[in-house]
Amino acid sequence: VVDLTPIAFALSGALATAGMARLLGARHAIAAVAGVLFFLTPIVLAQSMVAYVDVATASAFAACLYFITRYLRRLSPSVARNPARSRRLLLLAGLAGGLCLGSKSQTPIWIASIAIVLAVNLALVVRRGWLTPWRALSALGTFVLVTVALGGYWYIRDSVVHGNPVYPDLVSVAGRTVFKGYPMLQASPSTFPISIVKSWAHDLVPFAHSEAFYRYDQRSGGLGPVWVYVMLPILVFAAIGLVRHRDRILLCVLAMVTLAWLASPYPWWSRFTIELVVVGAAVTAVCLSRLSTRTATALAWIMTALVLLGVA
């Protein structure tokens, strides 16, 4: 039963990914494709039958991201007229954020990334006069307090017992130890960003790599061929397109995920960066929705072949 639990979380992550795709503008049917792409990610499939929490953590983060994005879409003068509905979204985001926060010691960085983007948006709304400063602080406080109340127990316990809120991890800044603990789970195979390039290069030709393809604790690669051949290029073009289109919601989503990824202690390790697939699949679905039927069909067949390559 324990080993089957990740499957439920993988399905919830797929639903959250599909929801994100809809929020960003994908059509219903193609948004479902985004969810399928998340579920068929090699590292997600590899961990779906083992008692690891990585899929659960990423799925909870995806759910939190979904509810926060829904809230950000509602940041307009209408928020002041109907605050109850917006508050429900923050409560749901806090519940999902609490599950994420309490699952792994790296997740405070993820939650902080979401809170920072939320705070910036609330500050802009206050500046425009759509919300009073008090209501903006109340909104941010609702999300943070619910998240910490649900997921903060272990951090408090470890602080009391071990003197380190993220025990057993060692925390150091500029060479100085802030919290004593054990070294990293595994050192980076090379310097940043070369370590990321090497890891993602594995997914270009997974069958030609010396490491077993694919394991639940995969060290090199794991996000799959669809990530490097399709999702990553589309994300790059989407980021470039923000200069011209200025899509606030897409910018916020990319900012939350990018901050969480770059601040992670293991940005090269797929089991710790599954959240990248969430935004990658969602933005890919949006791209498919905007293409002609013939082009979208061709890209869908390409992705099908890459998925089969990833799960072979």
Looking at every heavy atom in both [X] and [Y], which two are closest together, and how far apart are they?
X	Y	answer
A281	M231	N-SD, 3.6 Å
C64	A93	SG-O, 3.4 Å
N121	C252	ND2-SG, 3.3 Å
I109	P265	CD1-CD, 4.4 Å

inquiry  = Heavy-atom count check: over 12 atoms from other residues, nucleotides or ligands less than 6.0 Å from R127 CZ?
reply    = no

Reference residue L306; test side-chain contact (heavy atoms from CB on, under 4.5 Å); the match among W301, Y229, W227 = Y229

Is any side-chain heavy atom of [Y] closer than 4.5 Å to one of [X]?
X	Y	answer
F272	K104	yes
S264	Q106	yes
R70	L92	no
F9	V53	no
L150	L101	no
V253	L24	yes
V278	V257	no

Separation of [Y] [atom2] from [X] [atom1] (nearest 0.5 Å):
X	Y	atom1	atom2	answer
L75	S86	CG	OG	7.5 Å
T273	L262	OG1	CG	11.0 Å
T297	I302	OG1	CD1	11.0 Å
R271	Y52	CZ	OH	5.5 Å
I111	F61	CD1	CZ	7.0 Å
L91	Y71	CG	OH	11.0 Å

Is there a path of hydrophobic side-chain contacts, each under 4.5 Å between heavy atoms, that joins [X] and [Y]?
X	Y	value
V36	V283	yes
I274	M49	yes
V279	I196	yes
L72	L137	no
I68	L15	no

key: Plane angle bin for W261 and W200 - parallel if under 30°, tilted between 30 and 60°, otherwise perpendicular   = parallel

State whether the side chain of [X] and the backbone N or O of [Y] hold a donor-acceptor pair below 3.5 Å, judged by distance alone.
X	Y	value
S199	W268	yes
S138	W134	no
T41	I43	no

